[in-house]
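Just follow the structure's listing: the first ligand is 1, and inside any ligand the first atom is 1. Along the sequence shown, residues are numbered consecutively beginning with 1.
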Amino acid sequence: MMDYISRHLPRRFFVTGTDTNTGKTFVSAMLMLGLKSHYWKPIQSGIAEGSDTDWIRKITELPDEYFFKERYLLNEPLSPHAAALIDGVKIELNAITAPGPSDQSLIIEGAGGVMVPINDQHMMLDVIKKLALPAILVCRSGLGTINHSLLTINCLRQAGVGIAGVIMNGPLNESNRAAIENYGQVPVLAEIEPIENVSRRSLLEIFEHNFGVKQ
Ligand SMILES: Nc1ncnc2c1ncn2[C@@H]1O[C@H](COP(=O)(O)OP(=O)(O)O)[C@@H](O)[C@H]1O
Ligand SMILES: [Mg+2]
């Protein structure tokens, strides 16, 4: 049964979103548990609010070896370019290289969406391009998502980034799903409804429900 999944999702991929707070970290935790993947967040801003890595470590209860250390940890909860400026750090595209052996499963989470600047010249899109991995796009399910999803899909395609698929987060919306698949020419891999209690158990249930794999 695990073969089924590995044929449909790449071993290493980049999780991006149409915006901040669309559920990239939530989805990364769910996929980590289901796929037994490693996780890396190269650029983390707003560390006082807690890092995405720490949140996922706590919720998944996975051991430390599943987590790679951030390349840039920035204090302010701002766009990386602005947070780096305040900390007196220059984020270098060349300093961002994927950790671990290339055949090891890995989920890389971006900061914000694809057009978030990381320095004077580069966007998060350039990071995805440089890492040369396919992207999974996490979007909202409700009103506005068609525009945001298609904009992001266009941007990724223009940059030559492969799109493994879209994951919709929020109340089920069949019409928006069909529009994204049709106009975006991408598969919607999963639809995740809001849940009351986020836990290792509930994330595994979401994985099983959407990908049909029993642990
Ligand atoms: N389907 C969901 N059900 C319940 N809570 C969710 C769901 N998706 C996201 N959340 C919560 O919403 C907040 C924002 O999600 P998060 O994954 O941190 O977004 P991002 O990484 O894109 O900024 C977090 O507190 C997260 O746990
Ligand atoms: Mg996040």
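Under the 4.0 Å criterion applied to side-chain N and carboxylate O atoms, K41 and E70 are not assigned as salt-bridge partners. Look at R11 and D103 and you find no salt bridge, because none of the NZ, NE, NH1 or NH2 atoms lies under 4.0 Å from a carboxylate O.
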Subject >> side-chain contact (heavy atoms from CB on, under 4.5 Å) between N119 and K90, intermediate numbers included >> reply: CA-CA 7 Å; N119 57 32; K90 179 157 184 342; 4.2 Å; yes
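Side-chain atoms of L31 and F13, non-hydrogen and from C-beta on, do get closer than 4.5 Å to each other. Side-chain contact between T20 and V116 is absent, with no heavy atoms from C-beta onward closer than 4.5 Å.
Listed by first then second residue, pairs satisfying salt bridge (Lys or Arg N to Asp or Glu O under 4.0 Å) with a partner in residues 120-139 number zero, not counting sequence neighbours. Among pairs with a residue in residues 158-179, those fulfilling salt bridge (Lys or Arg N to Asp or Glu O under 4.0 Å) read R177-E181, R177-E191, at least two apart in sequence or across chains.
Within 6.0 Å of the NE2 atom in H122, the count of heavy atoms belonging to other residues, nucleotides or ligands exceeds 12.
Excluding waters, the set of protein N, O or S atoms lying under 2.8 Å from the Mg ion (ligand 2) comprises T25 OG1, D52 OD2, E109 OE2.
Partner of V166 under the side-chain contact (heavy atoms from CB on, under 4.5 Å) criterion, chosen from L189, T145, V138, V186: V186.
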Could you go through ligand 1 and note, for every N or O atom, any protein N or O atom closer than 3.5 angstrom, writing the atom names and distance to 0.1 Å, or 'none'?
unit_1: ligand 1; atom_1: 1 (N); unit_2: N169; atom_2: OD1; d: 2.9
unit_1: ligand 1; atom_1: 1 (N); unit_2: E193; atom_2: O; d: 3.3
unit_1: ligand 1; atom_1: 3 (N); unit_2: I195; atom_2: N; d: 3.0
unit_1: ligand 1; atom_1: 8 (N); unit_2: N169; atom_2: ND2; d: 2.9
unit_1: ligand 1; atom_1: 17 (O); unit_2: T25; atom_2: N; d: 3.1
unit_1: ligand 1; atom_1: 17 (O); unit_2: F26; atom_2: N; d: 2.9
unit_1: ligand 1; atom_1: 19 (O); unit_2: G23; atom_2: N; d: 3.1
unit_1: ligand 1; atom_1: 21 (O); unit_2: K24; atom_2: N; d: 3.4
unit_1: ligand 1; atom_1: 21 (O); unit_2: T25; atom_2: N; d: 2.9
unit_1: ligand 1; atom_1: 21 (O); unit_2: T25; atom_2: OG1; d: 2.8
unit_1: ligand 1; atom_1: 21 (O); unit_2: E109; atom_2: OE2; d: 3.2
unit_1: ligand 1; atom_1: 22 (O); unit_2: N21; atom_2: N; d: 3.3
unit_1: ligand 1; atom_1: 22 (O); unit_2: T22; atom_2: N; d: 3.1
unit_1: ligand 1; atom_1: 22 (O); unit_2: G23; atom_2: N; d: 3.1
unit_1: ligand 1; atom_1: 22 (O); unit_2: K24; atom_2: N; d: 2.9
unit_1: ligand 1; atom_1: 22 (O); unit_2: K24; atom_2: NZ; d: 2.9
unit_1: ligand 1; atom_1: 23 (O); unit_2: N21; atom_2: N; d: 2.8

